[in-house]
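This chain uses plain numbering: 1 for the first residue, then up along the sequence.
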Amino acid sequence: MTGWTPAAVEMSGYSDYCMNEPASGRSVAGVCHARGENANLPAQWLIYITVEDLEKSAERCVERGGAVIAGPQGMVGQGRYCVIQDPAGAVAALFGPRN
């Protein structure tokens, strides 16, 4: 058991959820419904990769034959992210923390 606790994330009329680490309260995972701004995301576990410069990293993905399929957009109280797809079809999210 991880000991993580759920915390609702308001999503304009419904809630998604973050799972928070008990010691720090830091969000370490999330569960999203396939609706609203998440309606077009693939139904799968989505890894988030922290990057220094979100826009530059998204640009580089496209330059190398990938695509940005969502965002960049804000993540309430956390930073910004975008969802990318590599040329072979694998999907991941790039995350840029708040400065």
Looking at OG1 of Thr50 and OH of Tyr81, how far apart are the two atoms once the value is rounded to the nearest 0.5 Å?
-> 14.5 Å
Can you pull the salt bridge (Lys or Arg N to Asp or Glu O under 4.0 Å) pairs that have at least one residue in residues 55-81, sequence neighbours excluded?
-> Glu55-Arg80
State which residues pass side-chain contact (heavy atoms from CB on, under 4.5 Å) with Glu10; sequence neighbours excluded, sorted by chain then number.
-> Ser15
In the hydrophobic cluster built from side-chain contacts under 4.5 Å, what are the other members alongside Ile84?
-> Ile49, Val51, Leu54, Val62, Val68, Leu94
Output for pair (Cys18 SG, Trp4 CH2), nearest 0.5 Å, gives 11.5 Å
Which ILVMFWY residues can you reach from Val9 by hopping between side chains whose heavy atoms are under 4.5 Å apart?
-> Met11, Tyr14
Go through the structure and list residues passing side-chain hydrogen bond (donor to acceptor under 3.5 Å, both in side chains) with Asp16, not counting sequence neighbours.
-> His33, Asn38
Give me the other members of the hydrophobic cluster that Trp45 sits in, counting Ile, Leu, Val, Met, Phe, Trp and Tyr linked by side-chain heavy atoms under 4.5 Å, directly or via other members.
-> none
In short, salt bridge (Lys or Arg N to Asp or Glu O under 4.0 Å) pairs touching residues 83-97 with sequence neighbours left out are none
For Thr5, which residues count as a side-chain contact (heavy atoms from CB on, under 4.5 Å) partner, sequence neighbours excluded?
-> Asn20
Cys82 and Ala58 have their tightest heavy-atom pair at SG-CB, 3.9 Å
Across all chains, not counting sequence neighbours, the side-chain hydrogen bond (donor to acceptor under 3.5 Å, both in side chains) partners of Ser24 are Glu21
With the 4.5 Å side-chain cut-off for hydrophobic clustering, are Leu41 and Val31 part of the same group?
-> no
Those residues that, when tested against Ser57, pass side-chain hydrogen bond (donor to acceptor under 3.5 Å, both in side chains) (two or more places apart) = none
